[in-house]
Amino acid sequence: MVLIMYSGAVAQKTDTLKICSPSGNICVKSWVDNGLQYQVLAGGILLMDSSVIDLEVINQRALSSDRKVRFSPIKEVKEQIIAPVPEKRKTVKDHYNQVVVSFKQPYKVEFRVYDDGIAYRIHTLFKDSALVKSELARFKFAATPSVYYPAVKKRDDADIFHTSFEEEYPLRRMDSIPQGTIAYSPVLVTSIEGYKIGITESDLESYPGMFLGGTGTTALTGIFAGYPLEEQSTGGLYSQMKVTRRADYIARIQGTRTLPWRALLISREDKELPGNDLVYRLGSPSRISDPSWIKPGNLTDEWIIDINLFNVPFKAGINTASYKYYIDFAKRFGFDRIMMDAGWSDNNDLFKIVPSISMDTILAYANEKGVKLSMWTLGMTLDRQLDSALDQFSKWGVDFIMTDFMDRDDQKMVEFYHRVAKACAEHKIMIMYHGAFPPKGFNRTWPNAVGREGVLGSEFNNWSNRVTPAHDLTLPFTRMLAGGFDYEPGLLNNATEKGTRPVAGVVTSPGTRAHQLAMFVVYDSPVQIFSGNPSEGVLEPAFMELLGNLPTAWDETIIQDAKVAEYIVTVRKKGDSWFVAGMNDWKQRDVVVKFDFLDDAAYKAVICKDGINADRYAADYAIENKEAVRKSDTLKIHLAPGGGFLIRLDK
């Protein structure tokens with residue numbers, strides 16, 4: 001498992017360390033030559049060549065300045081993580097081989113090699129605090145691959161590091177991406193002898209997030225935002241802090257600490273990617289000693305449809321009557337909570353509740369119905385009023401809040417995420433971040449952080465045609481590699497490819513009704529938000545009862561079949577029940593569902609699938625029941641263009 005060509009374990013230029021995964025399929029070779037370099041192989045195929053690791057610290061020697069290193073003995077670790085909030089599975093197997101490269105200077109580099117990927121991180125061992133000038137994380141590929149690359153579009157009023165992390169994932173040849181172009185991670189690299197590699201990070205704390213910059217070659221390089229020295233408020237309805245001056249260093253760090261993991265998720269088959277939980281495994285263990293109070297679930301939200309209710313005896317809007325209507329809807333169809341989204345208070349003062357709302361009336365009504373309230377907050381306002389606001393939410397019995405419009409991941413903003421999650425945990429409040437970077441292991445460290453946006457999702461149907469079924473089918477293989485996301489599915493106005501267009505107040509989703517339903521099972525998110533119009537939902541009670549009673553956290557996840565940007569079939573287990581969901585792009589296709597994951601019992605099945613006319617009328621669906629489904633059975637299902645299906649199986 002280890003080959004050290006220079007006996008005594010002190011490496012010179014030509015010396016090479018080799019460490020392989022427990023199965024021996026994935027291997028890393030590392031050596032010192034103008035910095036620490038490494039190769040990655042899978043199945044004997046060279047995937048990455050001469051990739052470089054380095055760290056430059058102000059008033060210290062760089063990691064690359066030391067040409068003498070020592071390798072620790074290879075250590076095999078075989079553990080289990082019990083997830084308090086299981087996005088993919090309750091029991092997470094953590095099995096890897098590990099080696100630590102120690103430098104004469106105060107640095108170490110730790111490698112972990114798994115059967116589904118590799119990771120490394122830098123340790124610093126300074127006596128005093130330090131300023132990190134730059135980190136070199138260069139990922140060089142052996143072939144000329146393509147990459148699903150969500151390039152950041154620079155805003156006119158801010159630098160390129162201000163982003164809401166909401167872009168498409170177009171497939172581009174890597175060597176066509178010029179210097180100066182950056183994308184947030186994860187990205188997915190493909191076309192390397194059939195292998196795919198997801199590049200991202202984990203355990204991001206008190207350090208800036210890693211973007212991946214083009215080089216015009218077959219390499220990507222880590223790019224990091226400079227430390228914010230000066231900020232100013234943008235003003236306006238959704239005010240946020242904009243950085244107006246950055247330092248010539250990226251982080252102020254404690255002298256002795258570990259930096260974030262650089263993670264490579266490796267797959268031979270596309271279906272191996274959506275179920276990969278390597279990033280979660282690499283996150284720091286939970287800092288909540290008793291997480292029993294954390295109760296994720298499903299809820300409604302009114303923002304996307306602009307509270308455009310109908311067939312009601314009151315004027316719809318941000319008012320008491322509308323929220324009571326949402327509470328009744330949630331109670332009827334099995335939702336745990338309703339969200340009171342932007343507008344319930346002055347965005348800049350959470351204690352200035354708008355006159356059209358009586359919180360006492362809404363709270364009493366929600367308590368009577370057994371439905372909880374969730375509250376939206378502006379990130380800058382929550383930061384300023386954090387303790388007093390959380391005290392107020394606790395008095396109201398609110399156990400879940402959203403905060404929004406951060407749109408950065410420099411060191412100062414990353415520290416905000418941890419500070420807020422810790423404060424919320426002290427109040428036994430769950431939190432979802434919008435205008436946010438992907439979780440990247442944060443959800444393991446703070447399991448009360450049950451939701452994250454950072455995705456081009458349903459809200460974009462309000463004003464664009466950027467969301468497509470192919471985009472929906474790219475997300476499980478890209479964005480979801482770094483943790484769950486809040487897409488906010490469930491739109492009930494559905495359209496064909498020709499009929500998709502943004503219409504204010506009547507939001508239309510591309511693809512079929514069953515495509516929207518399938519997202520609730522295909523996408524990881526411990527809090528799933530139904531964004532459709534409840535006035536439409538009450539007209540279709542059988543559909544809403546199926547949707548409203550779906551679990552959001554899972555005992556096990558199996559990806560039965562999948563192809564990036566084309567289709568997926570996902571199997572999930574919750575208790576004694578199983579759920580199977582599938583989605584496809586604009587190309588219609590047939591899929592065959594195998595039930596070999598079942599035990600020997602007979603299961604009753606409820607099947608929601610595209611209706612016979614869904615290719616022309618995308619809201620067409622059919623709900624069928626089967627009395628006895630067994631593990632030896634199979635089921636052929638036709639998916640319309642932009643289609644989907646969902647099967648619920650109960651003993």
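- Asp610 and Thr512 share a donor-acceptor pair across their side chains, judged by distance under 3.5 Å alone.
- When only modelled atom types and interatomic distance are considered, Asp407 and Ser164 share no side-chain donor-acceptor pair under 3.5 Å.
- Of all heavy-atom pairs spanning Pro145 and Val189, the tightest one is CB-CG1, 3.6 Å.
- Salt-bridge check for Glu193 with Arg268: failed, with every basic side-chain N at 4.0 Å or more from each acidic carboxylate O.
- Ionic pairing of Asp277 and Arg89 is present here: one or more N-O contacts between side-chain nitrogen and carboxylate oxygen are shorter than 4.0 angstrom.
- The existence of a salt bridge linking Arg138 and Asp54 is excluded, since no basic side-chain nitrogen approaches an acidic carboxylate oxygen closer than 4.0 Å.
- For residues 173-189, every residue pair satisfying the salt bridge (charged side-chain N to carboxylate O under 4.0 Å, His left out) rule, not counting sequence neighbours, is listed here: Arg173-Asp175.
- A salt bridge does not link Arg155 to Asp159: none of the charged nitrogens lies less than 4.0 Å from a carboxylate oxygen.
- Between Tyr184 and Phe165, the ring planes are perpendicular. Angles over 60° get that label, and only those under 30° would be called parallel.
- Of the listed residues (Glu201, Glu205, Glu110), just one forms a salt bridge (charged side-chain N to carboxylate O under 4.0 Å, His left out) with Arg121, and that residue is Glu110.
- Between Val187 and Leu220 there is a side-chain heavy-atom pair separated by less than 4.5 Å.
- Note that the SG atom of Cys27 and the CG atom of Leu46 stand 11.5 Å from one another [nearest 0.5 Å].
- Asp590 and His638 share a donor-acceptor pair across their side chains, judged by distance under 3.5 Å alone.
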*Taking it one step at a time, do Met174 and Thr190 satisfy side chain to side chain contact (heavy atoms under 4.5 Å, CB included)?*
CA-CA 10 Å; Met174 189 177 292; Thr190 185; over 6 Å; no

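- Each of Phe520, Trp554, Phe597 was evaluated against Phe579; a single residue qualifies, Trp554, per the ring pair (Phe, Tyr, Trp, His ring centres under 6.0 Å) test.
- One finds the CD1 atom of Ile118 at 10.0 Å from the CG atom of Leu265 (value rounded to the nearest 0.5 Å).
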*Can you list the steps and then say if Asp409 with Phe211 is a side chain to side chain contact (heavy atoms under 4.5 Å, CB included)?*
CA-CA 10 Å; Asp409 70 348; Phe211 293 83; 3.2 Å; yes

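- Lys140 NZ: more than 12 foreign heavy atoms inside a 6.0 Å radius.
- Residues Asp486 and Met432 are in side-chain contact: their nearest non-hydrogen atoms beyond the backbone lie under 4.5 Å apart.
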*asked:* Is there a salt bridge (charged side-chain N to carboxylate O under 4.0 Å, His left out) between Arg408 and Asp410? Walk through the geometry before answering.
replied: CA-CA 6 Å; Arg408 290 162 37 200; Asp410 51 45; 2.9 Å; yes

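- Salt bridge annotation for Lys196-Asp270: present, with a cationic side-chain nitrogen under 4.0 angstrom from a carboxylate oxygen.
- Ile568 has its side chain within reach of Leu473: a pair of non-hydrogen atoms, C-beta onward, lies under 4.5 Å apart.
- Listed for the Thr570 side chain is no donor-acceptor partner under 3.5 Å among the backbone atoms of Val522.
- Residues Gln528 and Pro489 are in side-chain contact: their nearest non-hydrogen atoms beyond the backbone lie under 4.5 Å apart.
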_Steps toward side chain to side chain contact (heavy atoms under 4.5 Å, CB included) verdict (Thr468, Asp585)_ = CA-CA 8 Å; Thr468 66; Asp585 60 6; over 6 Å; no

*Kindly determine whether Phe437 and Tyr417 satisfy ring-ring contact (aromatic ring centres under 6.0 Å, His included), including the steps that lead there.*
CA-CA 10 Å; Phe437 59 87; Tyr417 281 62; 4.3 Å; yes

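- In this structure a side-chain-to-backbone donor-acceptor pair under 3.5 Å is missing from His434 to Met406.
- One distance of note links OH of Tyr96 with CD1 of Ile19; it measures 10.5 Å at 0.5 Å rounding.
- Side-chain contact between Phe224 and Met210 is present, with at least one heavy-atom pair separated by less than 4.5 Å.
- When all heavy atoms of Phe485 and Ser525 are compared, the closest pair comes out as O-CB, 3.4 Å.
- The cationic atom of Arg452 (NZ for Lys, CZ for Arg) lies less than 6.0 Å from the six-membered ring centre of Phe442 and within 45° of the ring axis.
- By the 30° and 60° cut-offs, the orientation of the rings of Tyr487 relative to Tyr523 is tilted.
- Under a 3.5 Å cut-off, the side chain of Thr181 and the backbone N or O of Gly214 do not form any donor-acceptor pair.
- Remark: Asp524 engages Arg572 in a salt bridge, criterion side-chain N to carboxylate O under 4.0 Å.
- With rounding to the nearest 0.5 angstrom, the CG atom of Asn584 is 10.5 Å from the CG atom of Asp472.
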*List the steps, then state whether side chain to side chain contact (heavy atoms under 4.5 Å, CB included) holds for Glu76 with Asn97.*
CA-CA 4 Å; Glu76 183 178 9; Asn97 288 325; 3.2 Å; yes

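- At a threshold of 4.5 Å between non-hydrogen side-chain atoms, the residues Asp203 and Lys440 do not count as touching.
- Residues that satisfy the side-chain hydrogen bond (donor to acceptor under 3.5 Å, both in side chains) test with Glu168, not counting sequence neighbours, are Arg466.
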*Please lay out, stage by stage, how Lys563 and Glu269 fare under the test salt bridge (charged side-chain N to carboxylate O under 4.0 Å, His left out).*
CA-CA 8 Å; Lys563 189 170 183 180; Glu269 297 184 71; over 6 Å; no

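- For the 3.5 Å distance criterion, the side chains of Asp94 and Gln80 fail to qualify, holding no donor opposite an acceptor.
- Ser464 contributes a side-chain N or O that, together with a main-chain N or O of Phe460, makes up a donor-acceptor pair within less than 3.5 Å.
- For Lys587, the NZ atom counts as loosely surrounded, since its 6.0 Å shell holds 12 or fewer non-hydrogen atoms of other residues, nucleotides or ligands.
- The pair Lys153-Glu167 counts as a salt bridge, with a side-chain nitrogen and a carboxylate oxygen less than 4.0 angstrom apart.
- With no hydrogens or angles considered, a side-chain donor-acceptor pair links Asp115 and Ser23 at under 3.5 Å.
- Ring centers of Tyr169 and Phe477: at least 6.0 Å apart, outside the cut-off.
- With 3.5 Å as the limit, one finds a donor-acceptor pair spanning the side chains of Glu415 and Ser206.
- A salt bridge does not link Lys93 to Asp116: none of the charged side-chain nitrogens sits closer than 4.0 Å to a carboxylate oxygen.
- The structure places CG of Leu639 at 9.5 Å from NE2 of His515, a figure rounded to the nearest 0.5 Å.
- Of all heavy-atom pairs between Tyr107 and Arg61, the closest is OH-O, 2.7 Å.
- A heavy-atom distance below 4.5 Å is not found between the side chains of Pro150 and Thr478.
- Atom OG of residue Ser458 and atom CD of residue Gln516 lie 5.0 Å apart, to the nearest 0.5 angstrom.
- Nearest heavy atom pair, residue Arg479 against residue Gly484, reads NH2-O, 3.1 Å.
- Residues Ile253 and Thr124 form a side-chain contact, since some pair of their non-hydrogen atoms from C-beta on lies under 4.5 Å apart.
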